[in-house]
Amino acid sequence: MQHTIGLSLALAAFWLLNSGYYTPLMLSLGAISIALVLFIAHRMDVVDHESQPLHLTLKLPGYHIWLGKEIILANISVVKHIWLGNETISPSLTTIKASQKTDIGKVIYANSITLTPGTIAVDLVDDQIMIHALLRGNIEALEAGEMDLRVSRLED
Amino acid sequence: MGILIEISSALCLLAGSFLCISGGVGILRFPDFYTRMHAVGVTDTLATGLILLGLILQNPDGLVILKLIMILLMTLFISPATSHALANAAMHNGLMPVLDKKK
Amino acid sequence: MLIAATIAILVVMILAIIRGVTGPTLYDRILAVNMFGTKTVLLISLLGFVMGRPEFLDIAIVYALINFISVIAVLRFSDSSEFRHHPAEKEPAEKDS
């Protein structure tokens with residue numbers, strides 16, 4: 001139930017932001033659209049804790065700030081190596097282990113890896129993530145496990 | 001105060017443009033598909049963020065700022081999904097990356 | 001400064017087109033098209049400010065969504081044999097690394 005309410009609030013905010021017209025006709029059209037989307041989402045059976053991780057709401061902002069810092073540092077490193085040339089890069093492919101228990105934790109971890117330039121999660125099978133990295137140092141940084149630990153801390 | 005915001009907006013736009021051009025050079029310069037993907041990652045995360053931040057600092061009215069933030073969030077949510085789908089399809093279809101030979 | 005950023009984005013789009021035309025494998029082309037699309041979103045938002053018409057942002061939002069869906073839709077067909085990569089056709093990039 002709380003996920004349905006969360007989804008309808010998000011959809012209402014999206015409609016009101018994009019429309020900009022607050023006449024009764026437009027508002028009723030918006031209400032009908034929200035009802036339609038809710039109906040389709042229920043038929044698809046996607047309204048649950050995975051599409052709407054409400055239980056993570058309080059912990060996510062801190063993680064996002066840390067992730068933003070990581071993204072800025074990774075961007076600077078990749079741009080440096082773009083201008084330094086092909087001799088300075090060392091592309092590598094490895095498989096690392098994700099220690100998260102739930103599926104959503106693993107997806108957050110894999111998405112964070114992909115969002116950080118210089119590393120891409122190519123494949124995710126059970127708890128093994130295959131990673132392509134621009135530099136060997138990137139893989140060593142992931143194996144050190146700070147991001148893994150932070151995502152694990154999110155989910156409990 | 002106004003001039004300060006103007007200058008920081010210009011700086012953000014300039015840095016974003018530089019990062020974008022770096023990504024564009026990277027996509028031409030890197031040796032294979034997977035490494036080119038990292039170059040595209042630069043233009044999708046920090047470059048987009050800086051350019052949209054520069055536009056936010058141009059000081060439009062409220063609704064426009066919210067729409068710019070919405071574009072930024074959409075880009076940040078969409079970009080890893082597309083990259084992962086593309087890399088996954090390439091790997092499953094047998095495109096092997098060029099790996100570093102010197103250990 | 002807005003105009004300078006617009007020109008920079010246009011230059012990046014040209015670079016992406018070059019990669020899309022030359023790109024040895026099919027995936028390079030898809031990657032270039034994807035990058036072209038995300039840069040178009042930025043170009044539309046910048047042009048909205050250059051011309052003083054912030055309504056362009058709505059078009060940018062729609063373009064971001066369409067670009068995402070089109071790339072995912074193309075990759076939906078990646079099981080077909082057209083997408084299989086044959087290592088026999090050596091790309092020139094593979095030799096000089």
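Numbers restart at 1 for each chain; the letters A, B, ... are given by sequence-line order, proteins then strands. In this text, all values refer to a predicted model and were calculated from it rather than measured experimentally.
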With a 4.5 angstrom heavy-atom cut-off, which part of [X] approaches chain B: side chain, backbone, both or neither?
| X | answer |
| --- | --- |
| C:N34 | side chain |
| C:L31 | both |
| C:T38 | side chain |
| C:L42 | side chain |
| C:L46 | both |

Exercise for the section: Taking heavy atoms only and a threshold strictly under 4.5 Å, list by residue number the residues of residues 67-74 of chain C that touch chain B; give 'none' if the list is empty. Expected result: C:F68, C:V71, C:I72
Exercise for the section: Spell out the residues in residues 63-76 of chain B that have some non-hydrogen atom less than 4.5 Å away from a non-hydrogen atom of chain C, in order of number; otherwise answer 'none'. Expected result: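 Result: B:V64, B:K67, B:L68, B:M70, B:I71, B:M74.
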Completion exercise
For residues 16-23 of chain B against chain C, heavy atoms under 4.5 Å, the residues are B:S17, B:C20, B:I21, B:G23
Please report the shortest heavy-atom distance between [X] and [Y], naming the atom on each side.
| X | Y | value |
| --- | --- | --- |
| B:G24 | C:V12 | CA-CG1, 4.3 Å |
| C:L15 | B:V25 | CD1-N, 3.8 Å |
| B:R36 | C:P24 | NH1-CD, 4.1 Å |
| C:R19 | B:I27 | NE-O, 2.9 Å |

Calculate, to the nearest 0.5 Å, the distance between atoms [atom1] and [atom2] belonging to [X] and [Y] respectively.
| X | Y | atom1 | atom2 | value |
| --- | --- | --- | --- | --- |
| C:D28 | B:F30 | CG | CZ | 13.5 Å |
| C:L43 | B:I51 | CG | CD1 | 10.0 Å |
| C:M35 | B:D44 | CE | CG | 8.0 Å |
| B:L28 | C:I14 | CG | CD1 | 11.5 Å |

Name every donor-acceptor pair, under 3.5 Å, that has one atom in a side chain of residues 82-99 of chain B and the other anywhere in the protein, sequence neighbours excluded.
residue	atom	partner	partner atom	Å
B:T82	OG1	B:I78	O	2.9
B:S83	OG	B:S79	O	2.9
B:H84	ND1	A:A121	O	2.8
B:N88	OD1	B:H92	NE2	3.2
B:N93	ND2	B:A89	O	2.9
B:N93	ND2	C:Y27	OH	2.8
B:N93	ND2	C:S78	O	3.1

